[in-house]
Amino acid sequence: MRVTLSNNGAFALTDEEGNMTGKYHGFYYLDTRFVRRALLRVKPEPEFIGASSTFREGVSYFSIGDEGILVRRRTLDGSYSEELSIHNASGKPLSVEVLYTYEAVIEDIFQVRGFMGLGEGVALRGEGFYSRGTGSEERTLRVESNLTREGENLRARIEIPPGGKGELFIRFVPGISGKASEIVSEEQITLESTVFTGSVTLDGVFERALENLRALTLSTVYGPVPLAGIPYFACPFGRDAIITSLFLLPYYPEYARGTLRLFASIQGKGYDELSEEEPGKIPHEFRLGELAQSGKVPFGPYYGTVDATPLYVALAREYLRWSGDEKLIDELQPNITRAVEWILEKLRGEGYVTYVPGILGNKGWKDSRDAIVDESGRPAKPPIALVEVQGYAYWALKLAGELGLTNLDSKTLLREAEKLRKRFNRDFWVDGYYALALDGDGKALRVVSSNMGHLLLTGIAEHEEEIAERLFKPDILSRHGIRTLSSKEKAYNPFSYHRGSVWPHDNALIALGLARIGRTDLAKELAERIFETAKLMPEKELPELYSGLDELVPVPRANSPQAWSASSLFAFVTASLGMEAGKQLTVRPAEGVNFLVRVTFRGRKYMIRANGGIEVGPL
């Protein structure tokens, strides 16, 4: 079993005993693995008893025969520390030898992943201090300990009197220079519980979600920003951060503020073929490791996505709707304007927002190389126009036009939005559902997918009730949520990344859309399926995805914790309550909803109680 510690851009992965023996095990900070293969050996050889952990602390317990107890405590708070407490439980002196070995490696996350053929980093040698890189992108590691150093080995022999205790410690202190260090702040957000369900088990699910979010929050000079997931995606991702912040808006609006400001600071300014930067484009991901920040890999930031930009505009409007913070929106108006100009450029000439493969094979949220297929199961011919992305583009244009979010002509934006809506419904509506995408020949991919469910949130679809009805048929609705692909499709695989698995955030977006069209009953049904699934998960924690079978089966490669999965729980509450922010806060809950929630609307705290009736009042 893997133990994960995580805090403000740093995380550590170990086994239950506290050793780093797995491929991805190690101590990481801002896309750099500083330590790997840490291993504790003790004589007399102890027997493992058990372990407990939170995201800030892991504790492993061992017996040393009948004579002693070893407690191995790991903590993460800026540095990664191990404390060894050896208790003599016998009536005679206890002699213990300790050997602690590790590799100081300071390798980039892309080396750990073997990305683009990169190999593992070479272990460094030193006397407790190690460095890699030069100038503005230097990474350092300092090792502090009360054990005796022998190269990269740490040794100790301690004599413990009867009833006494011996204490040892090892501390790994990372150092980073350059842009990565300039954006990180030590001022961390406090997340208090805001949702109460009347069920001890379900309340535990929400508490675990908050623990996930705390573990995946990067405190920046712009405000808190959600990281995507551990271990592969512990950095800011445009799409992930925006959707996570959207889900959390009524409860923790600080995330939207931090996300909007951070991504404004790295919004595209020019054209770069390798990083896929374009003026106005919001990045796909922002890696803070040495390889990305020095330009050796094109991820500092990388812009290979087509949905983050319109979603950025939508988040700005939803943030304004909930917060009333016109000052921030005025500050961001140039960024919102450039984002809308990017959308208009893509739609030029009666077109759609399309993409061709690059570093990523696909550039919507289903970005694996085999995700977007035709009805025969073959990969789609590019350039590809994804169904949900056209909805996002319409949503962004309409919001920007109606509410004056940019310095562009509002009538022009609304006219372009309406033109997009008309051609979209003409080209994408097929056989009682919306096609997954249009391929490079303009042919509709007649594939039933969850993607069309996102349209319900945007207002672009003329056939909203038909979407809702289709998504609740048994070939696409499993016991544990809506599948990414219908089980009738040739490409269907319930264990795949995007072709039949279930993603909580995908379902949450659909639930919000169902609430928007007045189907809070269906939003509540979907929420209940996901809530029941979360109760069955290890640690009551929703992973990135799980299989599309009616039997709950994990998918091994799924990231967990994952920010948009944790935050999806809050979106299901919003949808089930039919909660909307306009000139006033309105709540139209589905029948049978039972929640007590605290939300923030226009800077004031409100309590909402739904239990056979509805009460809304300021706190």
Checklist line | Tyr251 and Thr574: CA distance, side-chain angles, deciding distance, side-chain hydrogen bond (donor to acceptor under 3.5 Å, both in side chains) verdict | finding: CA-CA 10 Å; Tyr251 314 94; Thr574 302; 2.8 Å; yes

Margin query: Let's go through Leu288 and Lys179 carefully: what are the C-alpha distance in whole Å and the side-chain angles of both, what is the deciding distance for side-chain contact (heavy atoms from CB on, under 4.5 Å) to 0.1 Å, and is it a yes or a no?
Written below: CA-CA 8 Å; Leu288 297 166; Lys179 187 170 185 178; 5.7 Å; no

Item checked: Trace of the side-chain hydrogen bond (donor to acceptor under 3.5 Å, both in side chains) decision for Asp367 with Tyr497 -> CA-CA 9 Å; Asp367 57 6; Tyr497 205 50; 5.8 Å; no

Checklist line | Worked verdict on Glu544 versus Arg557 for salt bridge (Lys or Arg N to Asp or Glu O under 4.0 Å) | finding: CA-CA 9 Å; Glu544 182 181 25; Arg557 69 172 294 185; over 6 Å; no

Next item on the list: Walk me through it: do Tyr232 and Asn559 pass the test side-chain hydrogen bond (donor to acceptor under 3.5 Å, both in side chains)?
Entry: CA-CA 7 Å; Tyr232 313 115; Asn559 278 252; 5.8 Å; no

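A salt bridge links Arg348 to Glu345: at least one charged side-chain nitrogen sits closer than 4.0 Å to a carboxylate oxygen. Taking 4.0 Å as the cut-off between side-chain N and carboxylate O, Lys419 and Glu350 count as a salt-bridged pair. Classification of Glu418 and Arg421 as a salt-bridged pair holds, one side-chain N sitting under 4.0 Å from a carboxylate O. A salt bridge is defined here as a Lys NZ or Arg NE, NH1 or NH2 lying under 4.0 Å from an Asp or Glu carboxylate O, and Glu402 with Lys398 meets this definition. A salt bridge is defined here as a Lys NZ or Arg NE, NH1 or NH2 lying under 4.0 Å from an Asp or Glu carboxylate O, and Arg499 with Glu489 fails to meet this definition. The residues Glu580 and Arg516 are annotated as not salt-bridged, no charged nitrogen and carboxylate oxygen being separated by less than 4.0 angstrom. A salt bridge links Lys346 and Glu278; the closest N-O separation between the charged side-chain nitrogens and carboxylate oxygens is under 4.0 Å.
Considering every non-hydrogen atom in both Ile230 and Arg2, the closest pair reads O-NH2, 4.0 Å. Taking each heavy atom of Asn425 and Glu462 in turn, the nearest pair found is OD1-N, 2.9 Å. Closest approach of Leu260 and Leu332 over heavy atoms only: CB-CD1, 3.7 Å.
Each of Tyr392, Phe428, Phe424 was scored for a ring pair (Phe, Tyr, Trp, His ring centres under 6.0 Å) with Tyr352, with one residue passing: Phe428. Considering Phe299, Phe233, Tyr355, Phe237 in turn, Phe237 is the only one that fulfils the ring pair (Phe, Tyr, Trp, His ring centres under 6.0 Å) rule with His284.
Note that CZ of Arg321 is 10.5 Å distant from CG of Leu249, once rounded to the nearest 0.5 Å. Interatomic distance, CG of Asp439 versus OG1 of Thr354, reported as 11.5 Å (0.5 Å rounding). Here Leu445 contributes atom CG and Lys381 contributes atom NZ; the two are 12.0 Å apart, rounded to the nearest 0.5 Å. Note that the CG atom of Leu399 and the CG atom of Leu414 stand 10.0 Å from one another [nearest 0.5 Å]. Remark: His505 NE2 to Gln562 CD distance equals 9.0 Å, nearest 0.5 Å.
In this structure, Trp503 and Trp365 have perpendicular ring planes: the angle between them is above 60°, well past the 30° mark.
Not one N or O on the side chain of Asn451 forms a donor-acceptor pair closer than 3.5 Å with the backbone of Glu388. No side-chain donor-acceptor contact under 3.5 Å links Ser547 to the backbone of Pro494.
Within the structure, salt bridge (charged side-chain N to carboxylate O under 4.0 Å, His left out) contacts touching residues 234-247 (residues at least two apart or in different chains) are Arg239-Asp307.
Ring pair Phe11/Tyr28: centre-to-centre distance below 6.0 Å.
Two residues are said to be in side-chain contact when any heavy atoms from C-beta on lie closer than 4.5 Å; Leu328 and Arg261 meet this criterion. Side-chain atoms of Leu262 and Leu218, non-hydrogen and from C-beta on, never get closer than 4.5 Å to each other.
Under a cutoff of 6.0 Å and an axis angle of 45°, Arg214 and Phe55 do not form a cation-pi pair.
Applying the ring-ring contact (aromatic ring centres under 6.0 Å, His included) rule to Phe27 yields the partners Tyr80; only residues at least two apart in sequence or on another chain are considered.
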